[in-house]
Amino acid sequence: MEFRSYMHIAMDEAHAAAARGEVPVGAVIVGPEGVIAQAGNRTREFNDPTAHAEILAIRSACAALDQERLTGCDLYVTLEPCPMCAAAISNARIARLYYGAADPKSGGVAQGPRVFNHPQCHHAPEVYDGLDAAASEALLKDFFAQKR
């Protein structure tokens, strides 16, 4: 089976988030039949600190599939998930996580608490990092440069 990346959709969501004044992070959830859900950060818009792209995409995918778990689904996200999002990814039983830029400050997968490595973690997805990382990093750097 040939690998097909959906990171371009996550990047589109990240650009849309930036246009709304949100931190430019985008996510897309893909199942065997294709894209199930996609989202960008909306923490400021919703006044909700949990409205990260990954959380919104997980909620939307679960609603679309009418189930609480996303077994067999893949998540593409432009930035390494934070600990909150990593826990949600684990709880949703997502099969594979693909992310772009590393997040040394707030990451929860390869940085910081490394949620999937804890013995209390009931499910760890396969993790593939650095997918289109340069584009994700550039978008984030440009966004924050304009804020300063």
Side-chain angles (χ1 to χ4, degrees), residues 1-46 48 50-118 121-144:
M1 185 159 112
E2 185 177 323
F3 173 73
R4 177 178 177 196
S5 175
Y6 291 83
M7 190 60 84
H8 63 285
I9 298 171
M11 284 298 295
D12 289 347
E13 288 290 340
H15 282 282
R20 293 189 301 271
E22 300 278 358
V23 175
V25 177
V28 60
I29 295 179
V30 180
E33 304 301 317
V35 174
I36 300 169
Q38 57 195 69
N41 276 358
R42 291 183 181 271
T43 59
R44 289 181 173 89
E45 179 183 350
F46 293 169
D48 180 355
T50 70
H52 290 197
E54 302 95 318
I55 300 293
L56 296 174
I58 288 169
R59 288 176 182 161
S60 181
C62 288
L65 297 175
D66 196 29
Q67 59 191 43
E68 67 181 276
R69 300 228 169 118
L70 300 172
T71 306
C73 293
D74 299 341
L75 170 65
Y76 292 80
V77 62
T78 57
L79 182 64
E80 175 184 353
C82 72
M84 174 185 70
C85 291
I89 290 164
S90 175
N91 288 329
R93 304 300 195 264
I94 289 176
R96 284 165 294 282
L97 166 65
Y98 300 90
Y99 70 86
D103 189 353
K105 181 180 176 190
S106 300
V109 176
Q111 319 286 325
R114 298 178 180 162
V115 170
F116 302 137
N117 293 339
H118 278 257
C121 181
H122 296 293
H123 168 77
E126 295 175 30
V127 177
Y128 302 92
D129 62 353
L131 192 62
D132 294 340
S136 296
E137 290 169 7
L139 180 59
L140 286 158
K141 285 180 184 177
D142 290 347
F143 176 81
F144 286 112

N/O donor-acceptor pairs under 3.5 Å from side chains in residues 99-110, not counting sequence neighbours:
| unit_1 | atom_1 | unit_2 | atom_2 | d |
| --- | --- | --- | --- | --- |
| D103 | OD1 | K105 | N | 3.3 |
| D103 | OD1 | S106 | N | 3.1 |

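- Listed by first then second residue, pairs satisfying side-chain hydrogen bond (donor to acceptor under 3.5 Å, both in side chains) with a partner in residues 66-80 read D74-R96, not counting sequence neighbours.
- Contact record, A57 with A39: N-CB, 3.8 Å, taken as the closest heavy-atom pair.
- Legend: side-chain hydrogen bond (donor to acceptor under 3.5 Å, both in side chains) pairs involving residues 55-65, not counting sequence neighbours, sorted by first then second residue: T50-R59.
- Residues satisfying the ring-ring contact (aromatic ring centres under 6.0 Å, His included) test with Y128, not counting sequence neighbours, are Y98.
- Here the CG-CG distance, from L139 to D132, works out to 12.0 Å after rounding to the nearest 0.5 Å.
- E137 meets the side chain to side chain donor-acceptor pair (under 3.5 Å) test with no other residue; sequence neighbours excluded.
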Let me check something: any side-chain donor-acceptor pairs from residues 13-36 under 3.5 Å, sequence neighbours excluded? List them with distances.
| unit_1 | atom_1 | unit_2 | atom_2 | d |
| --- | --- | --- | --- | --- |
| E13 | OE1 | G40 | N | 3.3 |
| E13 | OE2 | Q38 | NE2 | 3.0 |
| R20 | NH2 | N41 | O | 2.8 |
| E22 | OE1 | T43 | N | 3.1 |
| E22 | OE1 | T43 | OG1 | 3.3 |
| E22 | OE1 | R44 | N | 3.1 |
| E22 | OE2 | R44 | N | 3.1 |
| E22 | OE2 | E45 | N | 2.8 |

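- The shortest non-hydrogen separation linking C73 to I94 is O-CG2, 3.4 Å.
- The stretch residues 19-45 participates, sequence neighbours left out, in no ring-ring contact (aromatic ring centres under 6.0 Å, His included) pair at all.
- Here salt bridge (Lys or Arg N to Asp or Glu O under 4.0 Å) pairs that include residues 83-92, with residues two or more places apart or in two chains, number zero.
- H122 places no side-chain N or O within donor-acceptor distance of the main-chain N or O of S90, the cut-off being under 3.5 Å.
- Taking the side chain to side chain contact (heavy atoms under 4.5 Å, CB included) definition, one finds that C85 meets it with H52, E54, I55, P81, C82, sequence neighbours left out.
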